[in-house]
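Notes follow once the structure below has been shown.
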Amino acid sequence: MTPPSWQAAVYAALKAARVTQIGYVPDAGHAHVIAAAHADPDMHAVVLTTEEEGIALAAGAWLGGERAALLMQSSGVGNCINMLSLPVNCRMPFLTLVTMRGEWGEFNPWQVPMGTATPGVLTAAGVHVRRADRPEEVAETVSAAAALAFDSAVPVAVLFSQRLIGTKVFVK
Amino acid sequence: MRNDGTLDRRAVVAELLRDPDDLLVVSGLGSATYDVGAAGDRPLNFYLWGAMGGAAMIGLGLALAQPHRRVLVLTGDGEMLMGMGALASIAAAGAPNLAVAVLDNARFGETGAQWSHTGYTTDLAAVAAACGWRATAVAHDMAEVAALRPRLRTEPLFAVLRISPAEVPRHLPPRDGAYLTDRFRRALGVAED
């Protein structure tokens, strides 16, 4: 299946930003980037058991002179809170791309609380939050977020709206 | 409850870090950080004072970024238990230059020495093996610790050191995260990347 072109643009933007480690807890909205990362001999693709592992992975990458990104779903943001003290306290870059649930035609009510809280929780934890709602703005938003994160050494999250990703269809 | 370990934690860490050369060391928050600092502060030590559960994964990111260097994570049983999923993630990723050593006193030593899961039912070396770590070891005496020292610098080894729960004097290494990060990156020669 051909991925949406915006997902290909995400991977290209991460490569252009010299990201060489990608930690992820899977989501359908990240499927192309995850597959591309595994297929790329110059990229470390690391599957995680829980999202905060990816923040620690990124810190280790930075200590070693590499750049990392964390891919997760909005539900995973809640797992990350205390670990976000690591890049904040150590003045390290941190880049995460978050696919949103619970905000646009959501079928599953369990996704709504964390989806609603995601921007506020990230902001409260010291993360700069950017958002992409339309396919044509994805590449530019990821590139600008990566520049902010790695050049200014701050934590940055890009939220990919559920409208952009497409509402997950549950067949009854 | 199981029997207490008998190893002196400071003696264990001093032995493991003897002649560290260019070993990259990450220490988990609490007593492991104090032990690593007490063994001799150096720029290639990265001490955690928080981010509980993150030590092993920091080791993985560092090991992947520096495949020609050795990385040793030294942490406590409580810190390892909080991030136990990292044992699965590290095994799945595969990092031949990364070793993890757990100073296991079966207690949460910073908070009043409450029993941890390793004092009840959990065997961390068995957990690591079940996650796919092919080399695991448990040391009960200093001869076994001495035998682990070279293995921790050459193998992707997960080791448990059965230390005594006895308290030792606090040793407080630097705790400014930005300073520790910058110092580490400069010592590694990657500060301008």
Side-chain angles (χ1 to χ4, degrees), chain A residues 17-26 34 37-38 41-70 72 76 79-95 125-126 150-155, chain B residues 24-26 28-29 43-69 71 73 82-95 97-98 131 175-193:
Chain A
R18 293 187 282 134
V19 168
T20 53
Q21 297 189 26
I22 292 179
Y24 66 90
V25 174
I34 292 166
H38 276 287
D42 297 321
M43 186 70 77
H44 294 291
V46 179
V47 63
L48 309 170
T49 70
T50 180
E51 291 81 357
E52 66 267 35
E53 288 178 5
I55 301 171
L57 179 81
W62 183 248
L63 286 173
E66 287 199 339
R67 297 174 172 200
L70 167 62
M72 62 177 158
N79 292 342
C80 289
I81 304 308
N82 184 56
M83 200 63 78
L84 286 168
S85 65
L86 180 58
V88 170
N89 200 50
C90 294
R91 210 166 63 227
M92 289 176 175
F94 173 62
L95 177 64
F150 294 114
D151 295 339
S152 292
V154 291
Chain B
L24 309 181
V25 178
V26 178
L29 86 172
L44 294 177
N45 289 350
F46 187 74
Y47 311 108
L48 289 166
W49 285 79
M52 186 166 175
M57 287 302 292
I58 292 173
L60 177 61
L62 182 54
L64 294 177
Q66 290 287 329
H68 302 297
R69 305 245 192 174
V71 178
V73 174
M82 186 171 284
M84 205 157 67
L87 294 174
S89 297
I90 292 168
N97 57 326
L98 172 64
C131 288
R175 66 183 184 280
D176 181 311
Y179 164 72
L180 291 166
T181 300
D182 189 58
R183 182 176 80 154
F184 190 99
R185 282 167 51 86
R186 286 181 189 282
L188 208 47
V190 300
E192 303 308 318
D193 287 1

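Every chain is numbered from 1 and lettered A, B, ... according to where its sequence line falls, protein lines coming before strand lines. Only this structure's heavy atoms are used, side chains among them; waters, hydrogens and symmetry mates stay out.
The contact between A/Glu53 and chain B is made by backbone and side chain atoms together, counting heavy-atom distances below 4.5 Å. Interface residue B/Leu188: only side-chain heavy atoms are found under 4.5 Å from chain A. At a 4.5 Å heavy-atom cutoff, the contact between B/Leu48 and chain A is made by side-chain atoms alone. Contacts between A/Ser85 and chain B at a heavy-atom distance below 4.5 Å involve the side chain alone, from C-beta outward.
Contact tally against chain A (heavy-atom pairs below 4.5 Å) for B/Gly94, B/Ala86, B/Ala93: the top residue is B/Ala86. Options B/Gly59, B/Gly83, B/Gly54, B/Ala56 differ in how many heavy-atom pairs under 4.5 Å they form with chain A, and the most are formed by B/Gly54. The most heavy-atom pairs under 4.5 Å with chain B, out of A/Ala59, A/Cys90, A/Ala153, A/Ala68, come from A/Cys90.
Interatomic distance, CE of A/Met92 versus CD1 of A/Ile55, reported as 12.0 Å (0.5 Å rounding).
Proximity of a side-chain donor or acceptor of B/Asn45 to a complementary backbone N or O of B/Val25 within less than 3.5 Å is not detected. With hydrogens and angles disregarded, a donor-acceptor distance shorter than 3.5 Å links the side chain of B/Gln66 to the backbone of A/Gly64.
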**Message:** What verdict does the side-chain contact (heavy atoms from CB on, under 4.5 Å) test give for B/Arg183 and B/Leu180, after you've listed the backbone C-alpha separation in whole Å, the side-chain angles of each residue and the deciding distance to 0.1 Å?
**Reply:** CA-CA 5 Å; B/Arg183 182 176 80 154; B/Leu180 291 166; 3.7 Å; yes
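A/Leu48 and B/Ser89 get closest at one heavy-atom pair: CA-OG, 3.5 Å. A/Pro87 and A/Pro93 get closest at one heavy-atom pair: CB-O, 4.5 Å.
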